[in-house]
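This report concerns only the one structure given below.
What's counted below: heavy atoms across the whole structure, side chains too, no hydrogens, waters or symmetry copies. Order of the sequence lines sets the chain letters (A, B, ...), proteins ahead of strands, with each chain counted from 1.
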Amino acid sequence: MYRTHTCGELRINDVGKNVKLAGWIQRVRDLGAMTFVDLRDRYGITQLVVDEKSAESIREKTAKLGREFVIQAIGNVRERSSKNKNLPTGDVEVFLNEIVVLSVSKVPPFTIQDDTDGGDELRMKYRYLDLRRETVRKNLELRAEMAHATRVYLNQQNFIETETPVLIKSTPEGARDFVVPSRMNEGEFYALPQSPQTFKQLLMVAGFDRYYQIVKCFRDEDLRADRQPEFTQIDCEMSFVDQEDVLKTFEGLTRYLFKEVKNIEIEEFPWMPYSEAMEKYGSDKPDTRFEMLIHNLTEKVKGNNFAVFDSSEFIGAINTTGCAEYSRKQLDELTDWVKRPQIGAKGLVYVKYNDDGSFKSSVDKFYSQDDLKVWAEIVGAKPGDLILLLSGDKNHILTALGELRLEMGNRLGLRDKNIFKPLWVVDFPLLEWDDETKRFYAMHHPFTSPKKEDILLLDSDPGKVRANAYDLVINGVEIGGGSVRIFNKELQSKMFDLLGFTKEEAENQFGFLMSAFEFGAPPHAGIAFGFDRLVSMFAGLNSIRDVIAFPKNNAGRDVMIDSPSTISNEQLDELNLKVVIKGKK
RNA sequence: GGUGGCGUAGUUCAGUUGGUUAGAAUGCCGGCCUGUCACGCCGGAGGUCGCGAGUUCGAGUCUCGUCGUCACCGCCA
């Protein structure tokens, strides 16, 4: 037996016990006649002590200890003469009778402590050392706890956890597939699933009724702080349900997780139509922790000979509370901010509502104090506030104002990580027009059911058709989404039609699903949560990398194992592959 | 595919208008120290300034390219 106790376990009532501990050397404090050693494992830190009364052999071994050596410590628990209130084990120490070095360690490239001196790059390269740090490990413990709680909840609700294949079939819709060559089937490829979408629908046809899986999904698209090429979903599907049933069930899951894991009671989630989210928040994932809503001033500001506004399709404004004091420099800086290509506004018009009730704006030449007062009333501004206006193409300006709103929310400290405001965004458009390819794409996916009342529009005005699709949004982050599915072969064919699939393409790619629907498909609907995002939100982090044990970097590389990598000619040959890199000789 | 930031000691960073021998903190090594717990004190070692080219009498500093990394836009049904 390597140990009788963990390093986080010993307390004052263990005094007198002979114990064995095992762990890593956190730090050695050599005071000359006596030496203190902090021994660390997953559970905590226990102080070991050696003094003049200790055997010479033990003193010699202790003197040679370095950071991150793995040792076994055998000794007697005694009360400390000077206690450390910051440590759960701070009342006791272990007086060493024997010490066994199990493993020596090179000096680690960064310090293994909460406030490490290591940069991201180095910590990723030595991720196994980074994971020794309590802050990092805690994130993964949180992840494990949330996965467990999810299973408890869904099992209670009669969901069947079912695994679906990882080697599946490539389809051109949606994200790029990761692709795996088949050795046994020359010239053919598997794809890794972007989600188990079709399989879970087949499980509904199979009568499973309620399916879930905590499952890896793969998308070969460019990455972000909140996007990894492989990520984890809580993936679910239910039969004989409508939209409300699904939302209630997964609102239940979300609230259960908040309660179990964070002990936070969350009130009922509001439902917000997509159109409202876009018009009030300039985003399909509104951060509802703060107001600062977008207001449409188009009708009020036109006709005053201000050419910029008169020639704009849409003029919108947000009111930033208490910002009337902004200096010229700050306003210029904000103007530059909205003019960056990422936002793409042509300029920024401001109106300061001064404390004395007067207005000062960048368009005083064109508008009277009374005009500005009307604007202030519409946006709900009070003396001391600053109104910011953008103008241009409606959709563009709404999203730009949405970005500006978030930026101002950040600057005003309105986005508190400890406050959680979930909501359901519902009634998404079914289709999205793409100007480049001149065709519609499914906004969610091709199996999403249109709203009954909009089905007639499918022929006359497809862009207007709303879907039974929904997203769970928390604090401006898209945590999950799903839809009521089409379960009728004719409607599904019509959808493929609208999406520009020929009969043959549809048959070739999704024939198995269409066939399944001919054998008695139940009405069904589903949802998937981005598990990494949910965990990082619970942890108060912006990057999902911090809740993944071995994440990949911006370019999809794992800098620890150095992947991806080339493969041998023998492997290529076996797979009938030849590598040709474009643009290189 | 694009925009921007960063790259200097093991690590995190500073480095003025381009000008002497490139600094600090921390870590590491050695010495001293009986109650430390970010121990303290004294001393020491440690640098291809990412790489390549260019401008210049002279480049860590300026220019171009390239590599790495981070953030964002496009992209992500």
Using a cut-off of strictly less than 4.0 Å between a heavy atom of the residue and any atom of RNA chain B, enumerate the qualifying residues of [range] by number.
range: residues 227-234 of chain A; result: A:Arg227
range: residues 545-566 of chain A; result: A:Arg545, A:Asn553, A:Asn554, A:Val559
range: residues 479-491 of chain A; result: none
range: residues 64-77 of chain A; result: A:Arg67

So which of A:Phe428, A:Tyr470, A:Tyr281 actually passes ring pair (Phe, Tyr, Trp, His ring centres under 6.0 Å) with A:Tyr274?
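Filter result, single survivor: A:Phe428.
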CZ (A:Arg67) with more than 12 external heavy atoms under 6.0 Å:
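Buried by this count: over 12 neighbours within 6.0 Å.
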Can you list every salt bridge (charged side-chain N to carboxylate O under 4.0 Å, His left out) pair that touches residues 540-554 of chain A, not counting sequence neighbours?
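For residues 540-554 of chain A: A:Glu230-A:Lys552.
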On RNA chain B, check which nucleotide each of A:Arg340 and A:Arg176 is closest to and give me the residue with the more 5' one.
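Mapping each residue to its closest nucleotide by heavy atoms, the 5'-most match is A:Arg340.
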To the nearest Å, how far apart are [X] [atom1] and [N] [atom2]?
X: A:Asn410; N: B:rC72; atom1: CG; atom2: C1'; result: 14 Å
X: A:Asp114; N: B:rU12; atom1: CG; atom2: P; result: 18 Å
X: A:Glu407; N: B:rA71; atom1: CD; atom2: P; result: 17 Å
X: A:Glu121; N: B:rU69; atom1: CD; atom2: P; result: 6 Å

Passing option when A:Ile25 is tested against A:Thr62, A:Asp38, A:Leu39 for side chain to side chain contact (heavy atoms under 4.5 Å, CB included):
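Single pass found, and it is A:Leu39.
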Pairwise [atom1] distance for [N] and [M], with rounding to whole Å:
N: B:rG23; M: B:rU16; atom1: C1'; value: 14 Å
N: B:rC57; M: B:rG10; atom1: C1'; value: 37 Å
N: B:rG19; M: B:rC62; atom1: C1'; value: 14 Å
N: B:rC13; M: B:rG7; atom1: C1'; value: 12 Å
N: B:rA14; M: B:rA9; atom1: P; value: 12 Å
N: B:rU69; M: B:rU8; atom1: P; value: 14 Å
N: B:rC28; M: B:rU12; atom1: C1'; value: 15 Å
N: B:rC39; M: B:rA45; atom1: C1'; value: 23 Å

Enter the distance from [X]:[atom1] to [Y]:[atom2] here, rounded to the nearest 0.5 Å.
X: A:Phe487; Y: A:His524; atom1: CZ; atom2: NE2; result: 9.0 Å
X: A:Leu513; Y: A:Leu202; atom1: CG; atom2: CG; result: 5.5 Å
X: A:Leu388; Y: A:Arg405; atom1: CG; atom2: CZ; result: 13.0 Å
X: A:Phe69; Y: A:Lys61; atom1: CZ; atom2: NZ; result: 13.0 Å

Within the 4.0 Å limit for protein heavy atoms, which parts of nucleotides 32-39 of chain B are touched? Write it as a string from 5' to 3', B for base, S for sugar-phosphate only, - for none.
-BBBBBSB
Tell which nucleotide pairs with [N], taking only Watson-Crick or G-U wobble pairs whose two distances are both under 3.5 angstrom.
N: B:rA9; value: none
N: B:rA14; value: none
N: B:rC75; value: none
N: B:rC64; value: B:rG52
N: B:rC41; value: B:rG31
N: B:rG47; value: none
N: B:rG4; value: B:rC70
N: B:rG19; value: B:rC57

Please enumerate all protein N or O atoms sitting under 3.5 Å from an N or O of nucleotides 42-46 of chain B, with distances to 0.1 Å.
none

Kindly write out the residues that satisfy ring pair (Phe, Tyr, Trp, His ring centres under 6.0 Å) with A:Phe510, not counting sequence neighbours, or none if the list is empty.
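Checked A:Phe510 against ring pair (Phe, Tyr, Trp, His ring centres under 6.0 Å); matches are A:Phe447, A:Phe496.
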Residue pair A:Asp235 / A:Pro196: nearest heavy atoms and the distance that separates them
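For A:Asp235 versus A:Pro196, the nearest heavy atoms are OD2-CG, 3.4 Å.
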I need the minimum non-hydrogen distance between A:Leu499 and A:Phe440, along with the two atoms involved.
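Looking at all heavy atoms of both residues, the closest pair is CD2-O, 3.7 Å.
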Closer than 3.5 angstrom, by distance alone: can the side chain of A:Asp454 be matched with the main-chain N or O of A:Ala467 as a donor-acceptor pair?
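No, A:Asp454 side chain to A:Ala467 backbone: no donor-acceptor pair under 3.5 Å.
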Short side-chain to backbone donor-acceptor contact, A:Arg137 and A:Arg42, under 3.5 Å
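Yes; at least one donor-acceptor contact below 3.5 Å.
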Note: A:Glu93-A:Arg29 ion pair, threshold 4.0 Å (strictly below)
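Salt bridge flag = no for A:Arg29 with A:Glu93.
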For the residue pair A:Trp424 and A:Phe529, categorise the inter-ring angle as parallel (less than 30°), tilted (30 to 60°) or perpendicular (more than 60°).
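It falls in the tilted class, 30° to 60°.
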Quiz: residues 391-399 of chain A side-chain donor-acceptor pairs under 3.5 angstrom, not counting sequence neighbours:
residue: A:Ser391; atom: OG; partner: A:Ser312; partner atom: OG; Å: 3.4
residue: A:Asp393; atom: OD2; partner: A:His396; partner atom: N; Å: 3.4
residue: A:Lys394; atom: NZ; partner: A:Glu279; partner atom: OE2; Å: 3.3
residue: A:His396; atom: NE2; partner: A:Ile343; partner atom: O; Å: 2.9
residue: A:Thr399; atom: OG1; partner: A:Asn395; partner atom: O; Å: 3.3
residue: A:Thr399; atom: OG1; partner: A:His396; partner atom: O; Å: 2.8

Filtered N/O pairs between nucleotides 1-10 of chain B and protein, under 3.5 Å:
residue: B:rG1; atom: O6; partner: A:Asp222; partner atom: OD2; Å: 3.2

When all nucleic acid strands are considered with a 4.0 Å heavy-atom cut-off, which category describes A:Thr35: base, sugar-phosphate, or nothing?
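It contacts nothing in the nucleic acid.
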Between A:Asp471 and A:Lys285, is any pair of side-chain heavy atoms under 4.5 Å apart?
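No - every pair of side-chain heavy atoms lies 4.5 Å or more apart.
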Using the test side-chain contact (heavy atoms from CB on, under 4.5 Å), find all partners of A:Asp332 that sit at least two apart in sequence or belong to another chain.
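Listed in chain order: A:Arg328.
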Can you name the residues that form a side-chain contact (heavy atoms from CB on, under 4.5 Å) with A:Lys138, not counting sequence neighbours?
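Checked A:Lys138 against side-chain contact (heavy atoms from CB on, under 4.5 Å); matches are A:Glu134, A:Glu141.
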